[in-house]
Visitor: 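Next up is a structure, given as structure tokens.
No experiment lies behind these values; they were computed from the predicted model shown. Counting from 1, the numbers follow the sequence of the chain as shown. Because only heavy atoms are used, hydrogens play no part in the values below, and waters and symmetry mates are left out as well, while side chains stay in.
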Amino acid sequence: MNSADLDTMLIEWQCQKLVTRSINLLDQSRWQELSDCYSEDAVLYRPSAPLDKIEGRAAILKSFTERPSKETCHALSNMEVTVHDSLSATVVSRVVLFSGEQKAPDIETIVMAKANVFIGRFVDQLKKVDGEWLIAKRQGSIELHFKGS
């Protein structure tokens with residue numbers, strides 16, 4: 001394995017780590033840390049509103065803090081990273097969303113999940129800014145909606 005292969009693997013790992021971290025922060029309602037995963041000029045299209053553009057880190061933070069309080073669990077899988085160069089990459093991942101009506105006050109609290117399960121995709125355009133990988137654009141979509149009993 002040569003140095004270029006190792007550099008590519010490192011970028012892939014860093015990009016996967018950023019996307020995974022952003023989803024974990026989302027499920028933990030850690031809005032400021034989540035918004036810090038985005039570049040200042042980032043664009044977000046939520047899976048629930050894929051045509052509504054939210055532009056800029058401050059607007060993205062505001063959209064998170066104003067969303068209805070709910071318990072969520074995003075299961076992320078099938079992550080595929082395409083490294084364009086040393087400063088840009090794309091991560092495509094599948095996501096399964098389970099949610100409940102109320103926030104759990106602590107880790108031991110169990111919340112009844114809604115019967116609806118959403119399966120979708122995130123396409124994240126990442127860029128390296130001042131040595132740190134950040135989300136420049138996140139396009140979410142919902143492709144399957146399972147309505148349980």
Visitor: If you group Ile, Leu, Val, Met, Phe, Trp and Tyr by side-chain heavy-atom gaps below 4.5 Å, do V91 and V83 land in one group?
Guide: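 In one cluster: yes.
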
Visitor: Report the residues that fulfil side chain to side chain donor-acceptor pair (under 3.5 Å) with N24, sequence neighbours left out, ordered by chain and then residue number.
Guide: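 N24 satisfies side chain to side chain donor-acceptor pair (under 3.5 Å) with no other residue.
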
Visitor: Which heavy atom of S63 sits nearest a heavy atom of L44, and at what distance?
Guide: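 Scanning both residues, the minimum pair turns out to be OG-CD2, 4.4 Å.
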
Visitor: Any chain of hydrophobic side-chain contacts (each under 4.5 Å) joining V81 to L76?
Guide: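 Result: yes, single cluster for both.
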
Visitor: Shortest non-hydrogen contact from P47 to P50?
Guide: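 So the minimum-distance heavy-atom pair works out to O-CD, 3.4 Å.
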
Visitor: Count I, L, V, M, F, W, Y as connected when their side-chain heavy atoms are under 4.5 Å apart, and connections chain through other members. Are I23 and L61 then in the same cluster?
Guide: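 Linked within one cluster.
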
Visitor: Is any side-chain heavy atom of Y45 closer than 4.5 Å to one of K53?
Guide: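 A side-chain contact exists here, since the closest heavy-atom pair is under 4.5 Å.
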
Visitor: Could you walk me through whether L18 and Q14 pass side chain to side chain contact (heavy atoms under 4.5 Å, CB included), step by step?
Guide: CA-CA 6 Å; L18 170 63; Q14 291 170 326; over 6 Å; no

Visitor: Starting at CE of M79, measure out to CG of D124 and round the result to the nearest 0.5 Å.
Guide: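 Here the interatomic distance stands at 8.0 Å.
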
Visitor: Roughly how far, to the nearest 0.5 Å, is NE2 of H74 from OG of S99?
Guide: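 S99 OG to H74 NE2: 8.5 Å, rounded to 0.5 Å.
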
Visitor: Hey, are the side chains of D52 and R46 touching, using non-hydrogen atoms and a 4.5 Å cut-off?
Guide: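 No, every pair of side-chain atoms sits at 4.5 Å or beyond.
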
Visitor: Is atom CD of E80 surrounded by more than 12 heavy atoms (other residues, nucleotides or ligands) closer than 6.0 Å?
Guide: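 No, the 6.0 Å shell around CD holds no more than 12 heavy atoms from other groups.
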
Visitor: Measuring from atom CG of L25 to atom OG1 of T20, what distance do you get when rounded to the nearest 0.5 angstrom?
Guide: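 Answer rounded to 0.5 Å: 11.0 Å.
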
Visitor: R67: what forms a salt bridge (Lys or Arg N to Asp or Glu O under 4.0 Å) with it, not counting sequence neighbours?
Guide: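 If we apply the salt bridge (Lys or Arg N to Asp or Glu O under 4.0 Å) test to R67, skipping adjacent residues, there are no hits.
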
Visitor: Considering residues at least two apart in sequence or located in another chain, which fulfil the side-chain contact (heavy atoms from CB on, under 4.5 Å) criterion with D85?
Guide: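 So D85 forms a side-chain contact (heavy atoms from CB on, under 4.5 Å) with L87, S88.
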
Visitor: Would V117 and F98 count as a side chain to side chain contact (heavy atoms under 4.5 Å, CB included) here? Give the steps.
Guide: CA-CA 5 Å; V117 177; F98 302 91; 3.6 Å; yes

Visitor: For the residue pair S86 and K128, what are the closest heavy atoms and their distance?
Guide: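 In terms of heavy atoms, the two residues are closest at O-CD, 3.8 Å.
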
Visitor: Looking at CG of L97 and CG of L26, how far apart are the two atoms once the value is rounded to the nearest 0.5 Å?
Guide: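 Taking CG in L97 and CG in L26, the distance rounds to 8.5 Å.
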
Visitor: Can you list everything that forms a salt bridge (Lys or Arg N to Asp or Glu O under 4.0 Å) with R57? Sequence neighbours excluded, please.
Guide: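 Only E40 meet the salt bridge (Lys or Arg N to Asp or Glu O under 4.0 Å) criterion with R57.
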
Visitor: Dump the intermediate steps for side chain to side chain contact (heavy atoms under 4.5 Å, CB included) on I11 and W133, then the final yes or no.
Guide: CA-CA 9 Å; I11 291 170; W133 284 98; 3.5 Å; yes

Visitor: Calculate, to the nearest 0.5 Å, the distance between atoms NZ and NE2 belonging to K127 and H84 respectively.
Guide: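 Nearest 0.5 Å value for the NZ-NE2 distance: 13.5 Å.
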
Visitor: Is F146 reachable from I119 through a run of I, L, V, M, F, W or Y residues, each pair having side-chain heavy atoms under 4.5 Å apart?
Guide: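 Same hydrophobic cluster.
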
Visitor: Please tell me whether V19 and F118 are part of a single hydrophobic cluster in this structure, the criterion being side-chain heavy atoms less than 4.5 Å apart.
Guide: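 No, it is not one cluster - the side chains of V19 and F118 are not joined through contacts under 4.5 Å.
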
Visitor: Of all residues at least two apart in sequence or in a different chain, which pass the ring-ring contact (aromatic ring centres under 6.0 Å, His included) check with F64?
Guide: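 Per chain and number, F64 pairs via ring-ring contact (aromatic ring centres under 6.0 Å, His included) with W31.
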
Visitor: Against I60, only a single residue in L34, I135, I54 fulfils side-chain contact (heavy atoms from CB on, under 4.5 Å); can you say which?
Guide: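 Of the listed options, the one satisfying the test is I54.
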
Visitor: Please report the shortest heavy-atom distance between S39 and A136, naming the atom on each side.
Guide: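 That would be OG-CA, 3.7 Å.
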
Visitor: Just how far is it from atom CZ of F122 to atom NZ of K137, taken to the nearest 0.5 Å?
Guide: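 The distance works out to 14.0 Å.
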
Visitor: For R121 and V92, which heavy atoms make the closest approach, and how far apart are they?
Guide: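 For R121 and V92, the tightest heavy-atom pair comes out as NH1-CG1, 3.9 Å.
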
Visitor: Would you list the pairs meeting side chain to side chain donor-acceptor pair (under 3.5 Å) in which at least one residue belongs to residues 3-13, sequence neighbours left out?
Guide: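 The answer is none; no pair qualifies.
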
